[in-house]
Amino acid sequence: MRRRPSDSTRRPIAIACLLAALGGFIGGAGAEEPAAPALPISALADLVSDDVGLCIETDGLAEHLLRFADGPLYQRLTHFPPLARSVGENGPKIALALGEFQKRFGASPLDVWAGILGGRALFAVWPPTGESQNGPALLLVEAKDGELLDHLLDKFVTLQRSAGKLQKTWMLTHGGRPSTVHRFGSDENGDQLYLTSVGKLGIAANSEALIRDTFALISREGATRRPLSEFSGYVAGNGRLSPQIAIRLFVNPRPWDAGLLADFQRKAPESDDAQFQKAVIETWRATEYVTAGLQLDSDATLEAFAAWNASALPGPLRETAESVGGRAVLVDHVPGDALAAVAGRVDFGRLAWRFGLLGPLLKKTAGRDAVPAAPPERLLLGSLAQGIGPNFGAYLVVRPTGDAGALESPLPLDWVAGLETRPLEPGDARPSLARLA
């Protein structure tokens with residue numbers, strides 16, 4: 001009989017497996033470089049220019065994941081039959097991969113996870129330029145263990161040299177301090193990878209220009225753009241997220257404008273694709289920023305926010321944004337042992353009128369109010385939509401073992417959904433059906 005990994009082994013296997021996939025791309029300094037002082041930065045966003053298109057940041061990810069693994073949600077997930085079965089079946093393969101990683105790099109995956117991703121990390125992407133399919137990309141990793149960072153780079157360089165992928169190694173000086181830069185690539189697709197480090201900061205990029213720009217922001221010498229940390233949209237977006245966020249995403253819409261417009265101009269103006277894309281571009285241009293964050297503690301919480309210039313939004317989307325605004329109160333009724341939950345606000349009646357879902361039920365006649373143009377039951381359903389919402393919510397809970405549940409279901413889950421209703425009072429200030437028609 002196949003032996004399944006215990007709960008105590010599942011956690012390090014799952015966490016270390018992620019590191020095995022990332023460990024080879026973490027940059028560091030060569031052993032011959034002198035130790036450098038700590039960088040004078042308060043955030044890695046200080047080292048990224050404000051014209052970045054997308055940015056993903058982590059802060060103490062290893063510690064967040066360990067706290068999550070000690071919480072009740074992780075325990076419920078590990079006992080979720082499909083996931084438990086997958087871990088049991090793939091456990092030996094994962095253990096083999098972790099062993100191979102330790103053999104190649106001479107370091108325990110768990111030590112690498114804590115020593116490298118226990119600090120801060122940032123991944124940034126810029127839109128493609130010219131005929132290029134791939135835009136510039138930059139990875140910054142501020143390690144907790146600088147010696148481990150150096151060791152990993154030495155091992156990685158050795159492995160790539162043996163594979164014939166190390167193309168060049170040279171020194172770049174910035175702010176009076178030298179750093180070794182390595183360039184890797186292959187003849188198959190022409191893609192290149194640049195690795196270097198400054199102190200405990202590992203830097204990986206797909207262009208030398210990005211390496212030089214990062215050095216300029218580190219030394220504050222020759223920098224031609226403001227850092228992302230001073231961009232108003234970035235500051236405002238981060239201010240809306242919880243301070244306990246483990247992973248955060250920031251999307252800067254303006255750098256993508258030119259690419260969207262160029263693609264739109266290649267389409268026939270009257271085509272359906274062009275009309276749809278026109279609405280997308282108008283919405284995108286009215287968007288000031290999009291930000292999201294994942295909090296990993298005893299539970300996992302996802303937050304997302306977008307800021308629009310409401311006056312610039314197309315009419316239907318402006319109406320939609322106003323219809324979903326406000327706090328979702330049904331989240332207060334989700335039980336603590338829920339496996340997953342969603343709650344929100346939608347003014348169904350308002351959207352039904354705005355998008356013409358109820359308008360076709362009525363017809364206008366000269367000199368008279370609108371009269372029904374559909375069976376009474378349809379008109380009644382349309383009228384009742386005014387009393388639905390705006391709050392809704394749903395959640396999933398794991399069914400106790402041996403409990404068949406009130407409803408037959410192929411999954412060991414129970415789900416509960418709630419929808420708020422409101423009375424249609426005579427004194428309601430909303431427009432009547434006739435005036436809305």
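All residue numbers refer to positions in the sequence shown, counting from 1.
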- By side-chain hydrogen bond (donor to acceptor under 3.5 Å, both in side chains) - contacts of Ser49 (at least two apart): Asp51
- Begin from the C-alpha positions of Cys55 and Leu228 and carry the test side-chain contact (heavy atoms from CB on, under 4.5 Å) through to its verdict. CA-CA 10 Å; Cys55 182; Leu228 178 62; 4.0 Å; yes
- Query: Around atom CZ of Phe276, are there more than 12 heavy atoms of other residues, nucleotides or ligands at under 6.0 Å?
  - Reply: no
- Listed partners of Ala307 passing side chain to side chain contact (heavy atoms under 4.5 Å, CB included), at least two apart: Glu288, Tyr289
- Is there side-chain contact between Ile116 and Leu148, with heavy atoms separated by less than 4.5 Å? yes
- Item | With Glu303 via side-chain hydrogen bond (donor to acceptor under 3.5 Å, both in side chains) - residues at least two apart | none
- Task: With sequence neighbours excluded, tell me which residues meet ring pair (Phe, Tyr, Trp, His ring centres under 6.0 Å) with His174.
- Result: Phe215
- Task: Run the numbers on Trp284 and Arg254 for side-chain contact (heavy atoms from CB on, under 4.5 Å), then give the verdict.
- Result: CA-CA 9 Å; Trp284 187 256; Arg254 297 292 72 78; 4.2 Å; yes
- Note on the structure: With sequence neighbours left out, the residues meeting side chain to side chain contact (heavy atoms under 4.5 Å, CB included) with Asn206 are Pro136, Ala137, Leu210
- Query: What residues, two or more places apart in sequence or in another chain, satisfy salt bridge (charged side-chain N to carboxylate O under 4.0 Å, His left out) together with Glu63?
  - Reply: Arg67
- Message: According to side chain to side chain contact (heavy atoms under 4.5 Å, CB included), who are the partners of Glu208, at least two apart in sequence or on a separate chain?
- Response: Trp170, Tyr194, Arg212
- Atom CD1 in Ile245, atom OG1 in Thr301: separation rounded to 0.5 Å? 7.5 Å
- Task: Could you tell me which residues satisfy side chain to side chain contact (heavy atoms under 4.5 Å, CB included) with Val157, sequence neighbours excluded, listed by chain and number?
- Result: Leu153, Arg161, Leu166, His182, Phe184
- More than 12 non-hydrogen atoms from neighbouring residues, nucleotides or ligands closer than 6.0 Å to CZ on Arg183, yes or no? yes
- Just jot down the ring pair (Phe, Tyr, Trp, His ring centres under 6.0 Å) partners of Tyr234, sequence neighbours excluded, or say none. Phe250
- Task: Please round to the nearest 0.5 Å and tell me the distance separating atom NZ of Lys278 and atom CG of Asp273.
- Result: 15.0 Å
- Across all chains, not counting sequence neighbours, the salt bridge (charged side-chain N to carboxylate O under 4.0 Å, His left out) partners of Glu230 are none
- Task: List in chain and number order the residues that pass salt bridge (charged side-chain N to carboxylate O under 4.0 Å, His left out) with Asp59, two or more places apart in sequence or in another chain; answer none if no residue qualifies.
- Result: none
- Over all atoms of both residues, closest heavy-atom pair of Tyr395 and Ala341: CB-CB, 3.8 Å
- Task: Check salt bridge (charged side-chain N to carboxylate O under 4.0 Å, His left out) between Lys267 and all other residues, then give those that pass, not counting sequence neighbours.
- Result: Asp263
